[in-house]
Every structure is written in structure tokens, then in C-alpha cells.
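Read the structure below first, then the notes.
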Amino acid sequence: MDLAFNTREDKNKLRLSDINSLYNEIKKGGGEKGLQKLRDQGKMTVRERIEYLLDKNRDSIEIGAFAGFGMYEEHGGCPSGGVVVVMGYVSGKQCIVVANDASVKAGAWFPITGKKNLRAQEIAMENRLPIIYLVDSAGVYLPMQDEIFPDKEHFGRIFRNNARMSSMGIIQISAVMGSCVAGGAYLPIMSDEAMIVDGTGSIFLAGSYLVKAAIGENIDNETLGGATTHCEISGVTDYKAKDDKDALDRIKNIMKMTGSFEEAGFNRTESFPPRENPADIFGHMPVSRAEQYDTFDIIKCLTDHSEYEEYKPDYGKTIICATARIDGWAVGIIANQRKMVKNGKGEMQFGGVIYSDSADKATRFIANCNQRKIPLVFLQDVTGFMVGSKSEHGGIIKDGAKMVNAVANSVVPKFTVITGNSYGAGNYAMCGKAYDPRLIVAWPWADLAVMGGAQAAKVLAQIQESTLKKQGKEITEEEHQEILDTISKRYQNQTDATYAAARLWTDAIINPEDTRKWISMGIEAANHAPIREPFNMGVIQV
């Protein structure tokens with residue numbers, strides 16, 4: 001028995017249990033009362049709709065489940081951003097499902113709702129995946145309209161994307177299963193096929209109260225924009241469904257008749273499980289983000305047969321580069337080595353830090369994977385680039401820039417797993433959200449920040465104390481500790497995996513044992529989108 005392994009395992013599994021508890025609360029949406037109210041109206045709840053629609057006994061992954069977590073509390077909160085997004089299979093076809101949760105403020109759009117919808121559309125566009133909208137929304141949440149309505153990445157961008165996807169030949173199907181109001185009315189009608197549920201679905205630019213106020217006309221919502229109106233008079237919708245299940249069955253039938261797609265041609269063979277148990281990740285990962293561990297132990301828990309072929313194993317050792325298979329898919333793995341290593345000159349190098357030699361190696365490996373059309377998987381546990389006069393004189397900035405350049409210009413699909421730390425420019429070099437990973441996920445104990453918590457807290461405390469001293473105030477040791485503790489607590493909250501997921505800096509917080517599933521489904525999705533542009537790094541500093 002390895003006591004240290006078991007201790008780490010217990011503590012890390014406890015953290016996963018906390019995340020799962022939060023997720024179970026989030027899945028309740030606006031609460032049991034709100035969900036029951038929908039059932040009383042003859043509707044299915046948002047998650048019941050998705051469960052009925054998706055193929056049984058097939059994998060699915062939820063994007064952005066923690067969106068809005070801890071946000072908008074003064075407005076009553078917005079669990080999951082008021083919209084559920086899932087990648088799964090309908091009639092055997094992989095697709096994205098976007099479904100409003102009417103139990104959360106009648107499905108109204110908060111700022112994070114718009115961001116999450118745009119992320120879903122981005123995934124569909126990048127991967128040329130069919131996208132299905134299950135619409136049940138009261139439109140923009142008016143108290144926050146200034147943060148959701150007018151800007152480039154706000155509400156209107158949704159409809160621009162509808163138009164762009166249509167021109168790209170990406171299938172869009174909509175079912176109006178509740179309210180569909182104002183600008184939101186364009187979403188289903190800009191889809192390829194639109195249906196509406198009789199009795200519960202309605203579409204109009206302005207509801208009956210606003211019509212009365214604007215032009216003095218007395219009319220009820222059903223006559224104004226119900227299923228009969230839009231299927232028999234206006235021609236706005238294509239099909240009338242008798243209830244939610246009827247609408248979902250029609251979507252299944254549409255998908256059943258859909259043709260096959262042109263493939264990108266990523267290499268896949270028969271899948272084999274790792275020889276090392278993926279559950280051992282919980283024991284390999286330290287509880288403290290500052291502790292060392294051997295990243296090869298993690299890689300062996302993720303790859304088929306626990307096998308890999310390492311690139312330049314004796315050079316640039318703080319970054320591991322290797323080709324392997326995950327669920328049969330060929331992948332290029334770029335991972336931060338978290339234990340101390342010794343370079344060819346006999347010098348010690350800190351784990352988790354990017355040095356010039358490791359940046360150079362990763363740059364070349366990325367180029368090789370692009371040449372061979374191999375998707376990239378980044379395992380991020382990075383504290384940043386090496387600092388100090390030796391590194392600066394050695395050109396760490398130009399070497400880091402080369403790596404960032406390669407990541408930014410890579411044309412093969414990229415997938416990022418934040419296994420531990422994700423600090424500063426290391427986040428960028430290891431394909432953080434700004435560098436367009438097709439999917440980016442975090443393990444429950446991940447930390448995302450511009451720098452580590454202890455260092456940041458000390459810097460912020462020094463700034464605050466300096467300001468107080470300029471005002472003539474002397475700081476006692478007790479006051480210094482109080483300031484440091486307050487700042488540390490606030491900063492630690494902002495680096496937590498849930499904070500990042502709430503703001504969609506990551507797509508999900510996942511069980512490490514599900515990592516293979518996320519990467520495999522991600523590559524399968526990416527295989528829908530042939531690579532059209534050549535890999536070109538442009539100008540680099542040498």
C-alpha cells in the first residue's frame with residue numbers, strides 16, 4: 001500500500017465529489033417548482049427534451065454546464081446560463097443541441113447566455129456539425145439589456161452566425177417549444193427547417209401587450225403568433241407538432257434522412273483501453289499545485305495500451321512531446337513535465353516551467369503534427385516561462401514567441417486539458433482559450449490565473465500597503481497578515497476551476513476518467529471539417 005498515493009487519491013476524489021454535487025444542483029435549473037410548472041403546462045423540462053432526443057447508449061458531453069455559476073446573484077442567479085448545450089448523436093449523426101431552460105427566468109438571455117450560445121455555434125462552425133435549437137425563451141433579460149444587446153459578441157451575433165452557417169452548408173434545425181420573442185424570433189426562421197408545438201409554442205416580434213401599447217390592437221398571443229397562425233397563415237414555420245415528443249420525433253426523422261459528410265481524414269484504428277487504470281490519475285496528482293509529479297504517469301492513464309512514442313526525449317525535457325493513440329485516434333501530445341529534470345548540460349530545470357529548449361522542441365513538434373495531419377492534445381500544468389537574466393540573455397522571449405506562433409497558426413484541431421496549473425503566458429503557449437482549441441476542459445483541481453496565488457497575493461498586498469504608507473499609515477504585523485489573508489482568499493476564489501468554467505474560459509470541469517471520451521468525441525467532430533488552409537507560421541524571430 002502506498003500511503004501517499006492513497007491520500008492524494010482520497011483528497012482529489014473528494015474534490016471531484018464537490019464538483020459533482022454542484023453540477024447536480026445546477027441541473028435543477030430554476031428549481032423543482034419551476035420544473036414542475038413546465039410539466040403542468042404540458043411541456044417537458046429542458047433536460048428531459050435532450051434526453052429524449054439523443055440516441056440511447058451513445059456518449060454525450062455537456063458544454064458549459066457551469067456557465068453563470070456564482071454570477072448574477074442580485075438577479076436570482078442564472079444556472080447553466082439558462083441554456084443547456086450538449087454534443088451527442090441524433091439518429092446516428094453527431095451534432096450540437098442548444099436548448100433554452102424556461103425554468104430559469106422564462107429562458108431569458110443573460111450576458112453569459114449569449115456567450116454560451118455563441119460558443120455552441122462556434123463549435124458547430126469549426127467542426128461543421130449539425131446544430132439543433134430547442135427554443136423556449138422570453139428573449140433578452142431586460143434589466144441587463146445593455147450587456148447583451150448591441151455589441152459584436154452580443155445577441156445579434158447569433159443571427160449573423162445562423163446566416164453564415166447556412167452559407168457554409170451546416171444543417172440547422174429548430175423546434176419552437178415555448179416562447180420565441182422579438183429578435184429571438186429570427187433564430188428558428190433562419191434555420192433550414194423549423195417546427196412549432198401547438199398550444200405551447202409561439203413566435204412574434206412583439207407580444208400582445210406590446211402590440212396593444214404600440215398600435216392599439218387587441219389580440220391574444222395564440223392568434224398573434226401560435227402554431228396555427230404560423231403553419232397555416234404566415235408560413236413562418238414548416239411543421240406543426242402536437243406536443244414536445246412529436247416535435248423531437250420529427251427532428252430525429254430529419255436527421256435520419258441526412259447524408260454523410262466529407263471527412264478530414266484523421267487517422268483512426270481500433271481502440272484499446274490504457275493498461276494503466278485511468279482512475280489512478282487521482283493518486284498520481286498531488287493535492288498542492290506546487291508539488292512535483294511525473295507527467296508520464298498521467299499520459300499512461302490516457303493513451304491506448306498506455307503506449308506513446310516520445311519526440312526528442314533527451315532535449316527540452318520540461319515539455320513532453322509524443323505521438324500516441326486515444327480511443328484509436330492518432331494524436332500529438334504536448335504536456336508539461338512537472339518533476340525536476342536535468343538538461344544535457346547537467347543543469348537542473350524546474351518542472352512546469354517552459355525553457356528555451358522545451359519551447360523550441362514543442363514548436364518543431366507542432367509543425368511535424370501539422371505536416372502529418374495529426375490532431376494536437378495539450379495537457380496543461382504550466383507555471384509559465386523561465387525568468388531571470390540567464391533566460392532573458394538566452395532569448396526566452398523569442399523562443400516562447402515561436403511556440404506561441406506555432407500554436408496560433410496550427411491548422412490541425414487542438415484540444416486542451418488543464419490538469420493542474422494554467423498560469424500567465426504559459427496558458428497561451430499551451431493553447432489556452434485565446435488560441436482556439438476545439439474543446440478546452442479542466443480537471444476539478446485546476447487553477448487558472450496570471451500567476452500563482454501565493455506570489456500574486458504578496459504583490460497585491462505590497463501595492464495596497466504602499467498606498468496606505470503614502471497616506472501616512474504605519475502597517476503592523478497583524479494588519480499585514482490580515483491584508484495578505486483577505487487578498488489571498490479573494491485571489492484563490494478567482495483561480496478556482498469553477499470560476500473559470502462560470503465565465504466559459506473552459507468548456508467543462510470533467511472527471512479525469514472522462515478525458516479520453518472528450519478528446520475522442522472532439523476529434524470525431526473535427527473530422528467533419530476537412531482542412532482547407534496550409535500550415536504557415538509566418539515570420540518568426542531567430
Side-chain angles (χ1 to χ4, degrees), residues 286 288-295 311-321 334-367 378-409 418-432 434-435 447-467 469-470 480 484 487-488 491-492 494-495 537-542:
S288 167
R289 295 277 59 79
E291 287 182 38
Q292 298 181 45
Y293 64 93
D294 190 344
T295 302
Y311 175 73
K312 288 185 182 287
D314 300 318
Y315 181 75
K317 295 179 184 177
T318 64
I319 289 183
I320 298 166
C321 297
I334 300 169
N336 302 109
Q337 174 58 283
R338 278 308 312 269
K339 70 175 186 178
M340 292 276 285
V341 296
K342 190 181 288 187
N343 68 13
K345 299 176 183 177
E347 301 165 332
M348 298 304 294
Q349 293 182 331
F350 295 105
V353 178
I354 302 175
Y355 290 77
S356 285
D357 55 355
S358 50
D360 273 344
K361 178 174 80 172
T363 301
R364 176 63 182 274
F365 181 71
I366 290 167
F378 292 82
L379 302 180
Q380 267 200 27
D381 193 347
V382 59
T383 53
F385 285 87
M386 190 57 192
V387 297
S389 60
K390 184 177 180 180
S391 291
E392 297 292 359
H393 296 172
I396 185 64
I397 296 175
K398 68 178 175 64
D399 294 325
K402 280 185 281 188
M403 183 176 174
V404 168
N405 192 315
V407 173
N409 285 304
I418 303 172
T419 64
N421 300 320
S422 181
Y423 294 157
N427 168 282
Y428 304 155
M430 291 295 293
C431 197
Y435 289 80
D447 275 355
L448 284 81
V450 71
M451 66 175 71
Q455 303 94 312
K458 286 176 183 176
V459 171
L460 291 168
Q462 287 171 2
I463 293 170
Q464 186 170 331
E465 288 171 12
S466 176
T467 301
K469 285 176 182 177
K470 284 179 183 176
H480 165 76
L484 189 61
I487 291 173
S488 295
Y491 194 87
Q492 192 60 45
Q494 293 176 354
T495 66
M537 282 180 58
V539 177
I540 58 173
Q541 185 68 277
V542 296

Heavy-atom nearest pair, Gly316 first then Lys361, reads O-NZ, 3.1 Å
Interatomic distance, CZ@Phe350 vs CD@Gln292, rounded to 0.5 Å, equals 9.5 Å
With sequence neighbours left out, the residues meeting salt bridge (Lys or Arg N to Asp or Glu O under 4.0 Å) with Asp360 are Lys402
**Prompt:** For Asp294 and Gln337, does a side-chain donor sit closer than 3.5 Å to a side-chain acceptor?
**Reply:** yes
Across all chains, not counting sequence neighbours, the side chain to side chain donor-acceptor pair (under 3.5 Å) partners of Tyr293 are Asp381
| So do the side chains of Glu392 and Ile396 get within less than 4.5 Å of each other, counting heavy atoms only? | yes
Correct closest heavy-atom pair for Val353 and Thr318 would be O-OG1, 2.8 Å
Worksheet entry | Heavy atoms of other groups near Ile540 CD1, more than 12 under 6.0 Å | yes
Smallest heavy-atom separation, Asn405 atom then Val539 atom, equals ND2-O, 3.3 Å
Check: Under 4.5 Å between any side-chain heavy atoms of Ile334 and Leu379, yes or no?
Finding: no
**Asked** Would you say Lys398 has more than 12 foreign heavy atoms packed within less than 6.0 Å of its NZ?
**Response** yes
Any donor and acceptor pair, going by atom type alone, linking the side chain of Gln349 with main-chain N or O of Asn343 inside 3.5 Å? no
Spell out, as yes or no, whether a donor-acceptor pair under 3.5 Å connects the side chain of Gln380 to the backbone of Met430. yes
Residue pairs meeting ring-ring contact (aromatic ring centres under 6.0 Å, His included), one or both in residues 378-404, sequence neighbours left out, come to none
